[in-house]
Amino acid sequence: MALTHFDLGLVGLGVMGRNLLLNMADHGFAVMGYDKDPAKGKALELEGTGKKVTSAIDLATLVSRLKTPRAVLLLVPAGKVVDAVLGELVPQLSRGDLVIDSGNSHFKDTERRQKEMAEKDIFFLGMGISGGEAGARHGPSLMPGGPRAGYDRVRPILEAVAAKVESGARSAERVEGALRAPRSALLSPPSALHSTCVAYLGHGACGHYVKMVHNGIEYGLMQLLAEVYDLLQRGMGFCCPEMAEIFEQWDQGELHSFLIEITAKIFRKTDTKTGKFLVDVISDVARQKGTGKWTSQEAFDLQVPFLTGDAAVSMRDLSGQEEARHAGSRTLLGAHNTFSNEPEAFLPHLEAAYHAASVITYDQGFALLQAASKTYGYDLDLATVARIWRGGCIIRAAVLEDIRHAFELQPGLVNLMLDSRLAQAITKRQRDLRFVVRTAIDLGIPVPALASTLAYFDGFRAARLPTNLIQAQRDFFGAHTYERIDEPGTFHTEWDA
Ligand code: 6PG
C-alpha cells in the first residue's frame with residue numbers, strides 16, 4: 001500500500017482491534033495496525049485486502065506513518081500491558097498527539113495515565129467499547145471520556161464506526177434499527193432518524209467509568225437470565241427448543257434486547273461432539289475478568305446500593321466452588337416441592353418478572369452513575385449515556401429508549417423509579433416478580449438476583465427502614481450515637497442502665 005499518512009494507528013490486533021480497524025477502513029479511513037505477534041498483522045492485511053488498511057512491523061513504523069498530530073488507539077488487555085505499551089509508545093510521540101485506551105481499564109488507572117500524559121502534553125482518552133467482535137466490526141457502542149480537544153480530533157472516525165439506532169422509538173413500539181438493523185443501515189451515515197452510539201461523555205476517566213457500570217449492569221442482567229433459565233428448565237421442565245421459542249417470543253415484545261436475542265440462539269445450538277444441546281454440556285463455572293466486581297466495589301465506596309450486581313458477582317464466585325457444591329448437593333436436603341400449576345401458566349409471570357427486574361437493574365446502574373458524576377465532577381448527561389447504550393453494546397435493549405426519554409425530560413431526576421412511566425412499568429409487574437421469587441423459594445431454586453432486585457425495590461419504596469434498630473445496637477455496644485426523628489442532634493443512651 002502506497003499510503004504514507006494514516007488517519008489512525010491501532011495497537012493490539014486481537015479480535016476487537018482487527019475488527020474495529022476493518023470497520024474504520026469500510027468507512028473510508030486509512031488505518032494502520034500493529035501487534036507484537038506478526039501473524040495478527042498478516043491476518044489483518046489478508047482480511048482487509050482492497051481496503052485502506054495495513055499493518056506495521058513495529059511501533060516505530062506505526063508512529064512514523066501516521067498523520068500528525070497523531071491518533072493511536074490501544075486495544076490491549078487492561079492493566080500492566082497498557083502501561084508497558086505506553087512505556088514504549090509515548091517516547092516516540094510528540095506534543096499534541098492523542099492516545100485512546102479502549103480496553104476495559106479501571107477508571108483509576110485511566111485517571112493516573114491521563115495525569116502522566118498531560119505532563120507530556122499528550123491527549124489521553126479512556127474509551128469504553130462494547131459489542132464484542134460483531135460490534136467492533138459493524139457498529140459498537142463507544143464511551144469516550146477525557147480531553148475534549150482529543151475527542152474532537154477523532155470524532156468523525158468514531159461517529160462513522162459506531163452503531164446507529166433509530167431515534168425516538170419507545171419500548172412499547174416496534175423497535176427496528178436498534179437491535180435488528182440490517183448491515184446497510186448500520187453502515188449508512190447518521191440521519192435525523194438515526195442517532196449514533198457514541199458521544200463525548202465528559203472529562204477525566206468518565207468513559208471508562210461508564211463502561212465499568214455498563215458491565216455491572218451486564219453482570220446483573222446475565223444473572224437474572226440465568227435464574228430465569230433455571231426456573232424454566234429445572235423448575236418447570238422446559239427443554240432447550242421450548243426455551244428458545246419462549247425467548248424468541250419475548251424478544252418480539254417489550255423485552256426486545258440483545259441478551260434475550262442471543263439466549264434464544266444459545267438454546268438452539270447443538271454440540272457437534274455429542275449431539276446434545278451445547279448449553280447442557282458447558283461447565284457451570286462462570287469466569288470473570290473483574291469489571292462486574294469493580295462496579296460493586298465502587299458502589300460500596302460511593303454508598304450506592306447495587307444489589308443485583310452484587311448478587312451476580314457472588315453467584316459467579318459460588319459457581320467456582322465446584323467441589324464444595326458437589327459435596328453440598330449430596331448432603332444438604334432442600335425443598336421437594338414441584339410447581340402445582342401448568343408450566344405454561346408460569347410464563348407470563350416470568351416474562352413480567354424479568355421485565356421489572358431488568359428495569360430495576362438499569363435503575364441501580366444509573367443511580368451509581370449519578371453519584372459518580374457528583375463525586376468525581378464528571379457532569380454526565382444520563383440521557384446521552386442511555387442513548388449510546390441503545391445500540392451496539394451488550395446491554396442494548398428497547399427499554400433504554402424509555403430511560404433516555406425519562407432523563408431527557410427530567411435531567412434532575414433523582415432516581416429512574418421516580419419517573420412515572422418507568423415506575424408504572426415496574427409497579428404493574430411487581431406482583432409477578434413477587435410470585436416468581438416465592439415460587440423459586442418453594443422449589444429451592446436460587447434466585448439471588450431476582451430476590452435482591454425485588455428487595456431493593458421494596459427498600460426504595462419504604463419511607464422507614466428497620467435500620468433504626470441497627471443504630472440502637474451500634475449505640476448499645478459501641479456508643480456510636482444515633483439521631484432522633486423528633487429532634488436534631490446526636491444522642492447516646494446508657495442502654496443497660
Ligand atoms: C462488552 C463486554 C466486554 C467484557 C466481557 C467479559 O461490553 O463487550 O462487557 O467488554 O469484557 O463481557 O467480561 P467478563 O469476563 O468479566 O464476564
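Indexing begins at 1, ligand by ligand and atom by atom, following the structure's order.
Among protein heavy atoms, the minimum distance from atom 10 (O) of ligand 1 is reached at Lys211 NZ, 2.7 Å. Nearest to atom 11 (O) of ligand 1 among the protein's heavy atoms is Asn104 ND2, 2.9 Å. Summary of contacts: the protein heavy atom closest to atom 16 (O) of ligand 1 is Tyr219 OH, 2.4 Å. Ranking protein heavy atoms by distance to atom 7 (O) of ligand 1, first place goes to Ser130 OG, 2.4 Å. With respect to atom 13 (O) of ligand 1, the closest heavy atom belonging to the protein is Glu218 OE2, 4.2 Å. Regarding atom 6 (C) of ligand 1, its nearest protein heavy-atom neighbour is Lys289 NZ, 3.8 Å.
Contact of the Met143 side chain with the Cys206 side chain is not registered, since no non-hydrogen atoms from C-beta on lie closer than 4.5 Å. Using a 4.5 Å heavy-atom threshold, the side chains of Glu45 and Thr49 count as separate.
Proximity of Arg316 to ligand 1, defined as any heavy-atom pair under 4.0 Å, is confined to the side chain (atoms from C-beta onward).
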* Go through Tyr151 and Leu158 one step at a time and tell me if the side-chain contact (heavy atoms from CB on, under 4.5 Å) criterion holds. => CA-CA 9 Å; Tyr151 173 74; Leu158 301 182; 3.8 Å; yes
* Tell me, with the steps shown, if Arg113 and Ser105 meet side-chain contact (heavy atoms from CB on, under 4.5 Å). => CA-CA 11 Å; Arg113 290 171 189 140; Ser105 291; 3.5 Å; yes
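On a distance-only criterion, Gln288 and ligand 1 share no N/O pair closer than 3.5 Å. For ligand 1, the polar-atom distance check against Gly131 finds a nitrogen or oxygen pair separated by under 3.5 Å.
Ring centers of Phe107 and Tyr376: under 6.0 Å apart, within the cut-off.
Residue-environment remark: CD (Glu116) exceeds the threshold of 12 foreign heavy atoms within 6.0 Å.
Each of the atoms 8 (O) of ligand 1 lies under 4.0 Å from some heavy atom of Gly132.
With no hydrogens or angles considered, a side-chain donor-acceptor pair links Tyr456 and Asp363 at under 3.5 Å.
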